[in-house]
2 protein chains.
Amino acid sequence: MKKYNFSIEATLDIIGGKWKIVILCILMMGQRKRTSELKRMIPNITQKMLIQQLRELEKDNIILRKVYNQSPPKVEYSLTEYGESLTHVIDLMCDWGAVNIKKRIEEGEEIQLSLEEHDRIRN
Amino acid sequence: MKKYNFSIEATLDIIGGKWKIVILCILMMGQRKRTSELKRMIPNITQKMLIQQLRELEKDNIILRKVYNQSPPKVEYSLTEYGESLTHVIDLMCDWGAVNIKKRIEEGEEIQLSLEEHDRIRN
DNA sequence: CAGGATCCACGATGATACTG
DNA sequence: CAGTATCATCGTGGATCCTG
């Protein structure tokens, strides 16, 4: 029987994986993504970890895995309706990160940003 | 030079540690906490990990470590002003977790809750 | 060739004993 | 009580191999 001392632990059980939040962040931008697209957008992730984290998110009913029976194979991932309920949480985390980066840049730290995020920070 | 593809990665750099969010969740309840109190409230954490995560949060200016020069030693942790800026994020994660637990209980899963969280879920 | 699985190495985490 | 040191274990990273 699962035991929680804090309800936030239930949240962490689901999005606490090392890469899950970034994956969700991408899928929340709206478009379904293929495995290879996700891999390209998260250069530091291993294919193994990508697959693993996607499987867990699928098992928890957060994302949907759609397989196209064709050659070469094609698999697309998207948010489930339940997964959508995490949007506010992830959005807020994004916003906080943007403010954090902005602050650090103003303090003189050098940070390299992707083009999209660079625009994000300026606003 | 630090590189971010997504601004949410900056957030994860700071609160992505395995136990940091739970620690912050506790400190956000308002009262300063001693090391031993934190340990008692998070039974599954190792003392080593507790200290380590606290050190990192302190280095990132999220929490404040106050040492009382006395014997037996006494150390208290509290949120910094900057740490307070995470309150909304953590609160939202708590709320989502509470809804998740409620849903799972309604679906028949057996979940053991601490008294405080049990009250939380009912409302 | 895209998606996925397997094997091995290493770093992060866990368990325990110990110090001031 | 707070914190450290040591050693064991597990999760992650990386390369390679498999499948249609």
Side-chain angles (χ1 to χ4, degrees), chain A residues 2-6 8-9 12-24 26-27 31-60 62-78, chain B residues 2-6 8-9 12-27 31-60 62-79:
Chain A
K2 194 75 191 178
K3 176 175 176 181
Y4 292 125
N5 291 299
F6 302 95
I8 204 169
E9 293 172 320
L12 294 173
D13 270 355
I14 291 183
I15 64 173
K18 180 164 182 181
W19 301 96
K20 288 182 185 175
I21 290 180
V22 177
I23 291 171
L24 291 176
I26 292 174
L27 292 181
Q31 300 282 2
R32 290 173 298 182
K33 293 283 181 233
R34 298 184 59 170
T35 315
S36 53
E37 291 178 296
L38 289 170
K39 177 72 187 74
R40 206 176 321 115
M41 298 176 81
I42 317 175
N44 291 332
I45 198 174
T46 312
Q47 187 167 13
K48 186 181 73 169
M49 284 309 297
L50 177 58
I51 301 292
Q52 182 176 313
Q53 304 273 293
L54 287 169
R55 289 286 182 283
E56 291 179 14
L57 287 170
E58 187 191 5
K59 186 169 66 57
D60 288 329
I62 303 297
I63 66 174
L64 190 71
R65 179 171 180 264
K66 180 168 182 180
V67 183
Y68 295 82
N69 272 324
Q70 61 180 54
S71 183
K74 177 176 173 180
V75 178
E76 280 185 339
Y77 295 93
S78 58
Chain B
K2 194 75 191 178
K3 178 177 177 183
Y4 292 125
N5 292 299
F6 302 94
I8 204 169
E9 292 171 321
L12 293 173
D13 270 356
I14 291 182
I15 63 172
K18 180 164 180 182
W19 302 96
K20 290 182 185 174
I21 291 182
V22 177
I23 292 172
L24 292 176
C25 191
I26 292 175
L27 292 180
Q31 300 281 2
R32 290 174 297 181
K33 292 282 180 233
R34 299 184 60 167
T35 315
S36 52
E37 291 179 296
L38 289 170
K39 177 72 187 74
R40 208 174 320 116
M41 297 177 81
I42 319 175
N44 291 330
I45 198 174
T46 311
Q47 189 165 15
K48 185 180 75 169
M49 284 310 296
L50 177 60
I51 301 291
Q52 181 178 314
Q53 304 273 292
L54 288 169
R55 290 286 183 282
E56 292 179 17
L57 287 170
E58 185 190 6
K59 187 169 64 59
D60 287 328
I62 302 297
I63 65 173
L64 188 73
R65 177 169 180 268
K66 179 167 185 183
V67 183
Y68 295 82
N69 273 324
Q70 59 180 60
S71 185
K74 175 175 171 179
V75 179
E76 281 185 336
Y77 295 94
S78 58
L79 287 180

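Each chain gets a letter, A, B and so on, in the order its sequence line appears, and its residues count up from 1.
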- Task: Take the protein atom NZ of B:K33 and the nucleotide atom P of D:dA2, then report the distance between them rounded to whole Å.
- Result: 13 Å

- Walk me through it: do A:I26 and A:I42 pass the test side chain to side chain contact (heavy atoms under 4.5 Å, CB included)? CA-CA 9 Å; A:I26 292 174; A:I42 317 175; 3.7 Å; yes

- Separation of D:dT12 atom P from A:I42 atom CD1, nearest Å, is 15 Å

- Base, sugar-phosphate, or nothing: which does B:Y77 touch, judged by heavy atoms less than 4.0 Å apart? sugar-phosphate

- Quickly work out the A:R65 CZ to C:dG3 P distance and round it to whole Å. 10 Å

- Got A:E9 and A:K3 here, is their nearest side-chain heavy-atom distance under 4.5 Å? no

- Message: Pair A:I23, A:I63 - check side chain to side chain contact (heavy atoms under 4.5 Å, CB included), show working.
- Response: CA-CA 10 Å; A:I23 291 171; A:I63 66 174; 5.6 Å; no

- With a non-hydrogen cut-off below 4.0 angstrom, is B:R40 in contact with a base, only sugar-phosphate, or nothing? nothing

- Return the set of residues passing side chain to side chain contact (heavy atoms under 4.5 Å, CB included) with B:Q31 (not counting sequence neighbours), or none when no residue passes. B:K33

- Side-chain atoms of B:R55 come closest, of C:dG4, D:dA2, D:dT4, to D:dT4

- Message: With a 4.0 Å cutoff (strictly under), does any side-chain N or O of A:R34 reach OP1 or OP2 of C:dG3?
- Response: yes

- Task: Measure from the side-chain heavy atoms of B:S36 and tell me the nearest of D:dC1, C:dG4, C:dA2.
- Result: D:dC1

- CD1 of B:I51 versus C1' of D:dC1: gap in Å, rounded? 10 Å

- Message: Quick check for you: to the nearest 0.5 Å, what is the distance between A:I14 atom CD1 and A:I62 atom CD1?
- Response: 5.0 Å

- Task: Report yes if at least one side-chain N or O of A:S71 is closer than 4.0 Å to OP1 or OP2 of C:dA2; otherwise report no.
- Result: no

Could you list all N or O pairs between the protein and nucleotides 14-20 of chain C that sit under 3.5 Å apart?
{"from": "C:dG14", "atom 1": "OP1", "to": "B:K18", "atom 2": "NZ", "distance (Å)": "3.1"}
{"from": "C:dG14", "atom 1": "OP2", "to": "B:W19", "atom 2": "NE1", "distance (Å)": "3.4"}
{"from": "C:dG14", "atom 1": "N7", "to": "B:K48", "atom 2": "NZ", "distance (Å)": "3.1"}
{"from": "C:dG14", "atom 1": "O6", "to": "B:K48", "atom 2": "NZ", "distance (Å)": "2.5"}

- From the list D:dG3, C:dC1, C:dT13, which nucleotide is the closest neighbour of the side chain of A:P72? C:dC1

- In whole angstrom, give the distance that lies between atom CD1 of B:I23 and atom C1' of C:dT13. 14 Å

- Task: Specify the separation, in whole Å, of atom OH of A:Y68 and atom P of D:dG20.
- Result: 22 Å

- Message: Contact between A:N5 and B:V22 at the side-chain level, heavy atoms closer than 4.5 Å - yes or no?
- Response: no

- Note on the structure: Rounded to whole Å, the CG-P distance (B:N69 to D:dA2) equals 14 Å

- Query: Atom CD of A:Q52 and atom C1' of D:dG14: how far apart are they, to the nearest Å?
  - Reply: 14 Å

- Evaluation steps, side chain to side chain contact (heavy atoms under 4.5 Å, CB included), between A:R65 and A:L54: CA-CA 9 Å; A:R65 179 171 180 264; A:L54 287 169; over 6 Å; no

